[in-house]
Amino acid sequence: MGLRFDLLLFTAALLFSPALSDLVLSKVDRRVDLTTQVVRITSTLKAENTGGNSVSEVLVVFPDRQAKTLAYLSAVSNAGKGKAKVSSVTLPVKEVELKGMPPSLVGYSVSLPEPLGKGESFTLDVLAVYAHSLKPFPEKITQADIQLLVFEDSAYYLSPYEVKAQSLTVKLPQARIESYTKLENTKIHGSDIKYGPYENLPPFSYSPIVVHFESNRPFAVARQVVREIEISHWGNVQVTEHYNIVNGGSEIVGEFSRLDFQARPHIRGPSAFKNLVAKLPPRAHSVYYRDEIGNISTSHLWGDSKKTELEIEPRYPMFGGWRTAFTIGYGLPLRDFLFESEGKRFINISFGSPINEIVVDTLIVKVVLPEGSRDISVSAPFPVKESRETKFSHLDLVGRPVVVLEKSNVVPEHNQYFQVYYTFSSISMLMEPLMLISGFFFLFITCIVYMHADMSISKSSPSYLAKLQWEEVQAVIQQIDNIISRCLAVHDKLEASLRDLSRTGDVQACKAARKLGDSALKELTKELKPLLSFLQSSSQAGHVVSKVDELVTKERELQEKLMVKLSTVVDCYEKKLSGREIENRINAQQQKITALRQEVDDLLEFIDEL
Amino acid sequence: AVCCAVIAILIAVVASSPTKGWSGRSLSLLDPTYASKYIPIIASVSEHQPPTWPSYFMDINVLAFLVPAGIIACFLPLSDASSFVVLYIVTSVYFSGVMVRLMLVLAPAACIMSGIALSEAFDTLTGSIKFQLLGYSSVNSQAAAGDASPDSTSAQSNALKPDKSEETAKERTSKKSKKKEKEREKEKEQVDQSSVQPRAGRRLQVLPLEASIIGVFLLILLGAFYVVHCVWAAAEAYSAPSIVLTSQTQDGGLHVFDDFREAYAWLRHNTEVDDKVASWWDYGYQTTAMANRTVIVDNNTWNNTHIATVGTAMSSPEKAAWEIFNSLDVKYVLVVFG
């Protein structure tokens, strides 16, 4: 396959070499970085204008196969040796149709900041990042095997221009190299392979090389990441990320021995990774890490003023081919991310996943703006697929507008800032509290109105009248109750005076007390009369009247008996009789008094319960 | 007639079953060897085993020696209610001795019994304190209050008379004694007013004052310790979810033994959706909920033969076990070891 491509390009070079002979690459230095799961190729090109016309763009081409895995391409002007790199400028790169060139090539055009005149030269750095371009070989390994990867590329820089001098350095993660293509001028320095220098090669020259090497770096590939960024003007940006992660390296076959892995993880299980590190923005709070089962407790969080680092361990070590899924969420302060310009607000936040060295197959970023945002526009540093949605959340009437940005083949270089612009009037912020306040207000008003409204249909209906009368009866009974209690209090006072008598022997005081008691009782009886008559006349009080009457009669009996007892005792004292005699005489009375008192109490209780 | 027919059908159904309507578990209550002879799977459940002696103390703690006191208290006097409670406690003690799960039945009975015992003890002690602090006269009125109300007046006048003579004798004594007498008067008045509730036939037993105070204090302390123990037992033994075990690391952090959830998460993400998992029935519900896979037997399987099949597979040599699991279409087997 590589050989045929080679031949094709040689013939193509012969056929098409007259084109584009203005520009010549005088020096090309290529560095291939294979230390992680993504392949980063940095090419430093020194372009020289040998033709007559001024040239304003440089073409960079890739074979189809490589272009499929190309995830990120950027070009930076190189200020050259000796000068500080302050003046390096990112050059715009866009894909172009290649005319008059061999097929199965994809071309990108780098626009120079100013046209290159005759004889001038310009140096630029081109960074190309490839995801999924390292193939694990062998594809299935056991738990204790090391992971070997295969990398294919060309020793000569594939370019539509003539290349005067070039060199290639391949940097490997470890010193262990299984095999590599040996061409002329190939040297090994530690874990680097150097190809070159090669001189004076025609355009479209291609020489395939294959490097088979060991790499035990974590191969974390996320099949899908959904990042939801919810903005709340009350001061918080809530980011929720859902991950579906698989280990993209060599798949594991055979059994997994936890015992071996736990005892010596580097010898038994070198191809697995146990944790992932995420760099969150500084001042991130309320960080959670959970999956469908629940909270995952194996995580560490520490932060300083520049970043917050979160180290998460999935529930089990990730061997090749194993999948897992989890959710990370955190909150960020709003003032770090929301800004204003020209009357529009915009949010400036990073696009990619915060996890280090992760390749995402499909990344979906949803930015949820507050309700009432209008004129939404997105500006991103690389092409993304945009769409709109609505999300209904707390206290939403019409829903919040959601901007959905989708991108595939995302590598860590894509973790740049993007902006979403929108307009939002500050008054609309008051809508939510006003809604709550008015809701509760109307609820309370309704309750008040309902309580005080008179819902009776007709004022002269019998049930309504009956209700009114019953209320009157109840009031009267209350008053009767009161009076009876006062009577009982007077009885108690008289008894107390009796006891005083027995203690001090003062008959006069007793007689005086008795007089007072008598008058009080008479008054109370007078008060009782009109109430009783009202009760008799009222029609509603039927069942109560009998009980009340009983109560009154008993109370009167009690009164009489008490008076009799009092008089006997006083008599006895005047006659200076002994205690036993007194006791004999009032015995019968006393019994009746206590019995009556008990009955009166019971009746009072019964009436109270009505 | 319909009623009789229904009852007749019911009797026929019950009589036709080989165990006359009793299920396996309840029969093993009456005959503890029944399960191990005929239905070994019931005998294999650890909750169906007889309890050990320490487990009684762990569950009902102090009540273990308050219950006999309560039984004695129920016998004097023996009324309908107290004989019911005695029967309840005796049968529940027997049944909880057969199956440790029935400790739940013993617990309310034990609480009631020890409550009775404690309340009797408190009555005696506080009565002694009251007697010791308030002197003899209140004893008389107290004892008198126990009689029917007609006698209470005689008691009152009895008290009146000696008091009056006392008074006349001590007329010229100090204020202190007068205050004491007034106190006694007040006490009598209160006793008079509240004398309406007679307590049928109670004889007051009197203990020394210091002993009574210490006794009350110790009983309260006992109750407090019991509460502490109950809270601890509920937190440690009855609320701890045993799916996650924790321990302290050297630097004060919490180390979590999360191997169950790890296994269930692995099953959830790395197996096909309709793969079946065989395990012992203890893990059935957890596997279904957390791993989202079909299990062969779980906590609610009534088919003992099915559980026995899985048990046979677990305890056979590999070749035989493989055949059994193959016939059940099982792809994964979950075992707990270590």
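Chain identifiers are assigned alphabetically (A, B, ...) following the order of the sequence lines, protein sequences preceding nucleic acid strands; residue numbering begins at 1 within each chain. As the structure is a computational prediction, the values presented were derived from the model and not from experiment.
Residue B:D80 qualifies as open at atom CG: its count of foreign heavy atoms under 6.0 Å is 12 or below. Counting non-hydrogen atoms of neighbouring residues, nucleotides and ligands closer than 6.0 angstrom, the NZ atom of B:K276 exceeds 12 such neighbours. Counting heavy-atom neighbours within 6.0 Å of A:E550 CD, excluding the residue itself, gives a total above 12.
A distance of 10.5 Å separates CD of B:E262 from CD of A:E313, quoted to the nearest 0.5 Å. For the atom pair CD1 of A:I245 and NE2 of B:H269, the computed distance is 11.0 Å after rounding to the nearest 0.5 Å. With values rounded to the nearest 0.5 angstrom, B:N292 atom CG is found 8.0 Å from A:E292 atom CD. From B:N270, atom CG reaches atom CZ of A:F319 across 12.0 Å, with rounding to the nearest 0.5 Å.
Ranked by heavy-atom pairs under 4.5 Å with chain B, the list A:I296, A:T594, A:T324 is led by A:T324.
Between A:S297 and B:D258, the shortest heavy-atom contact is OG-OD2, 4.1 Å.
Below 30°, between 30° and 60°, or above 60°: for A:W322 and B:W266 the angle between ring planes is above 60°, a perpendicular geometry.
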